[in-house]
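Beneath this line is the structure, given in structure tokens, with notes to follow.
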Amino acid sequence: MNDVLAHIEKHREEYLGELFNLLRQRSISATGEGIQECAELLSGMMQKVGLNAQMLPTGGHPVVFGDNLLEDAPFILLIYGHYDVQPPEPLEKWISPPFDPEIREGRIYARGAADNKGQFFTHLKAFEAVKAIVGNVPIRVKLLIEGEEEIGSVNLSSFVLKNKELLTADLALGVDGNVHPSGRPEIAFGMKGLLYCELTARGPRADLHCGKDPIVTNPAWRLVWALSTLKDETQRILIDGFYDRVEPVSGRDLELLDKVPVDTGDLMETFGVDSFLGGVTGREALRKLVFEPTCSIDGIWSGYTGSGMKTILPAMAKAKLSLRLVPHQSSDEILDKLRAHLDRRGFSDVEIDKLGTFEPSKNPVDNPYMKEIIQAVASVYSREPLIFPMFSTGGSGPDFVFTRDLGIPSVWIPCAQFKDKNPHAPNENITVEGFMNGTKMTAALMMTLAGKSITKRKEGIHE
Ligand SMILES: [Zn+2]
């Protein structure tokens with residue numbers, strides 16, 4: 001194993017150069033810009049490291065699929081990542097151009113550096129390094145890199161369901177998320193789901209003089225009143241039946257979270273706030289962040305929002321609403337409940353458009369490969385990993401396509417740093433060390449999973 005790690009270290013510059021080529025290629029899923037070119041570039045990069053690569057059609061942007069086609073493999077690892085990125089705007093806020101990667105003070109700055117090119121590219125390089133040293137990668141490696149994560153992985157579930165055979169695996173691995181601020185790597189076993197929708201209230205056909213307010217419906221008021229029924233000031237979500245399926249957090253999960261060091265002051269500084277809601281601190285803040293469902297107004301607009309006065313009664317008001325869901329809730333169920341809740345309160349006029357969803361997903365933390373995973377991660381970081389039953393960020397992702405659609409366990413490992421990585425924002429970055437560690441970590445995992453799974457097969461545990 002040490003030879004593999006040394007090989008990776010020796011090729012640092014070369015690996016970074018190749019990552020830069022990938023980062024230079026635009027691949028904005030929201031507009032489609034550069035998507036096809038990026039898929040082709042990635043497919044070529046997979047071929048180059050010795051994977052059989054294909055661009056597979058979906059209902060939208062293609063999936064790039066790589067496979068080493070190892071016969072009679074003791075273990076099949078399915079790796080997930082996404083090659084699409086968020087739009088780079090506002091451009092003037094970038095210190096160096098978003099598609100012209102640059103290293104400053106140990107960090108690689110570019111759109112997609114952390115989310116997610118700089119993370120999934122580590123797998124290609126890990127594969128290449130193991131192959132170079134060992135002669136052959138001892139497990140079957142399948143790489144599923146999609147092009148629609150940033151627009152909600154809209155076609156991923158149907159793609160996975162259509163290609164179950166192709167995607168058969170023992171374990172799914174995603175590299176996304178953070179290294180904990182303490183420097184300890186995080187291993188996560190689940191994610192919240194998401195229901196993202198846009199609410200619209202309509203008033204007169206066109207904006208009117210606001211003197212008409214006594215006799216004409218003001219959609220901004222309609223929307224504000226409707227929104228105010230969704231959550232109270234104690235943060236309790238009031239949508240009828242919202243908590244019906246929410247189960248108490250298990251003792252085991254709380255125990256795991258108890259092992260996580262929490263620096264409340266540091267967390268507040270990172271988020272740029274002086275206090276947390278309800279005055280929570282420490283473990284309680286972390287527990288809420290990791291396990292609680294949410295109902296958040298992500299954007300709200302109506303009427304005149306420029307400087308100075310403009311006396312109008314707006315024709316329309318809109319809000320973006322994101323609801324983070326926890327295990328056993330589902331986006332369809334919550335959407336139905338939201339509709340019924342608004343109807344019951346006389347807000348049938350407020351339209352709801354569903355813009356994107358992820359289903360919540362959670363694995364038991366004691367999957368059969370847990371020890372190997374912890375060992376591989378610990379060996380690279382020389383630190384004991386922290387185990388999170390759900391994503392530490394409170395975020396969502398397409399974990400459910402593995403656990404629900406394919407019925408296999410999954411695990412998420414980060415290589416991006418916790419602080420200031422600015423995903424979706426200007427000056428997105430990943431540390432060079434994070435990228436290198438990610439490469440070493442995947443290489444270690446490819447090696448250890450092979451050894452252990454053979455034993456498990458012999459013991460008859462692993463079929
Ligand atoms: Zn993202």
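Atoms within each ligand, like the ligands themselves, are counted from 1 in listed order. Because only heavy atoms are used, hydrogens play no part in the values below, and waters and symmetry mates are left out as well, while side chains stay in. The structure presented is a predicted model; accordingly, all values stated were derived computationally and were not measured.
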Note to self: Only N/O/S atoms count here: what is the atom of Asp115 closest to the Zn ion (ligand 1) called?
What the structure shows: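 Within Asp115, restricted to N, O or S, the Zn ion (ligand 1) is closest to atom OD2.
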Note to self: Quiz question: by atom type and distance under 3.5 Å, do the side chains of Ser330 and Glu359 form a donor-acceptor pair?
What the structure shows: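 There is no such pair between these side chains.
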Notebook entry, point to check: Taking the six-membered ring of Phe242, is the NZ or CZ of Arg236 close enough (under 6.0 Å from the centre) and on axis enough (within 45°)?
Noted result: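 Verdict for Phe242: no cation-pi partner in Arg236.
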Item checked: N, O or S from His82 under 2.8 Å to the Zn ion (ligand 1) ->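 No, His82 does not qualify, because none of its backbone or side-chain N, O or S atoms lies under 2.8 Å.
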Notebook entry, point to check: From Glu149, does some N, O or S atom reach closer than 2.8 Å to the Zn ion (ligand 1)?
Noted result: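 No - counting backbone and side chain alike, Glu149 has no N, O or S atom under 2.8 Å.
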Next item on the list: Can you label the angle between the Phe271 ring and the Phe276 ring as parallel, tilted or perpendicular, going by 30° and 60°?
Entry: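 Ring orientation of Phe271 relative to Phe276: tilted.
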Note to self: Using every non-hydrogen atom in the two residues, find where Gly190 and Asp399 come nearest and quote the distance to one decimal.
What the structure shows: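 The answer is CA-OD2, 4.0 Å.
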